[in-house]
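A short write-up of the structure that comes next.
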Amino acid sequence: TGMKKGKMFMKKRTILRLTAAILFLLVVGCGIYVSDYYRAEETIGVLSPSVSMEISDDRMVFLPEEAEAGLIFYPGGKVEHTAYTPLMEALASEGILCVLVEMPFRLAVLDVNAADGIPEAFPEVECWYMGGHSLGGAMAADFAARYPVDGLILFSMMDDDGNRVAAKYHKPIVCIDTYSSEKSDDFINVGLDDEKGTCQAVKYLIENGHRKIGFFTDNRVGVDRAR
């Protein structure tokens with residue numbers, strides 16, 4: 001009986017040690033993953049005279065003199081939120097009140113509801129849009145599906161995300177470089193002519209003496225298929 005108890009104790013201790021080691025490796029791995037992100041250059045310069053800016057712990061607000069509409073923007077995954085400052089400044093100078101949200105560890109999936117309460121903070125703005133880049137766009141669409149915003153503006157989402165948004169969200173959607181096989185009058189994509197652009201690039205390379213030309217991709221859909 002004593003030997004059995006001893007073996008049981010050793011087995012439990014081994015399991016605990018393995019569990020602790022796995023948890024340690026997971027924590028270290030997560031720390032390395034979230035610390036490796038796109039860092040923006042110094043982007044806050046001289047604002048337009050018609051734009052003012054407010055900065056808090058989790059957002060930057062770009063305020064035009066007279067707001068015609070509002071935009072809540074979710075940054076892309078592992079991208080420093082200040083990288084989008086020039087875009088927000090440009091939109092604000094055109095009369096769009098912009099709220100640029102800072103996400104936990106630069107991952108919008110960790111705070112899908114970050115936009116909650118923002119429209120109510122600016123009651124003078126009647127028309128609100130959700131926007132986002134890549135992962136941020138997918139999370140913005142998830143929030144918009146549950147919140148009465150007037151439309152979506154999405155940048156560079158994966159093709160599967162474009163299909164999902166087009167099927168799920170039944171309000172006007174404008175995308176930049178995002179493709180969907182789902183056909184809808186409410187889904188508008190502003191993108192490059194990838195096929196023609198690739199032909200021009202290959203022609204240029206050939207004219208300059210290159211002969212071994214390749215294109216590497218991990219899928220054959222959307223932009224990659226056209227190229």
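The analysis underlying the following values was restricted to heavy atoms, covering all of them including side chains, and did not include hydrogens, waters or symmetry mates.
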Contact between [X] and [Y] at the side-chain level, heavy atoms closer than 4.5 Å - yes or no?
X	Y	answer
M60	H81	yes
I72	R59	no
V101	M139	no
D111	D58	no
L110	F105	yes
C127	E68	no

Might you point out which heavy atoms bring [X] and [Y] nearest each other, and give the distance in Å?
X	Y	answer
E102	D57	OE1-O, 3.1 Å
C175	I173	SG-CG2, 3.6 Å
C98	A92	SG-N, 4.2 Å
Y204	N208	O-ND2, 2.7 Å
V79	R106	O-CG, 3.8 Å
A67	V125	CB-CG2, 3.9 Å

Please tell me whether F73 and F155 form a close aromatic pair, meaning their ring centres lie under 6.0 Å apart.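 Yes; F155 has its ring centre under 6.0 Å from that of F73.
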Take L97 and F122, measure what side chain to side chain contact (heavy atoms under 4.5 Å, CB included) needs, and give me the verdict at the end. CA-CA 9 Å; L97 189 154; F122 304 94; 3.8 Å; yes
Is [X] reaching over with its side chain to a backbone N or O of [Y], donor-acceptor style, under 3.5 angstrom?
X	Y	value
Y84	G76	yes
Y74	M103	no
D150	W128	yes
R211	I206	yes

Distance in Å, [X] [atom1] paired with [Y] [atom2], rounded so as to fall on 0.5 Å steps:
X	Y	atom1	atom2	answer
M53	L63	CE	CG	10.0 Å
D142	M130	CG	CE	10.0 Å
I176	H133	CD1	NE2	11.0 Å
L91	L100	CG	CG	11.0 Å
D116	Y147	CG	OH	7.0 Å

Between I96 and Y129, does a side chain to side chain contact (heavy atoms under 4.5 Å, CB included) hold up when you go through it step by step? CA-CA 10 Å; I96 309 297; Y129 296 88; over 6 Å; no
Is E66 atom CD crowded by more than 12 heavy atoms from other residues, nucleotides or ligands, each under 6.0 Å away?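 Counting neighbours around CD of E66, 12 or fewer heavy atoms of other residues, nucleotides or ligands fall under 6.0 Å, so no.
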Check the pair L135 / K78 against side chain to side chain contact (heavy atoms under 4.5 Å, CB included), numbers first and verdict last. CA-CA 9 Å; L135 175 64; K78 299 177 69 177; over 6 Å; no
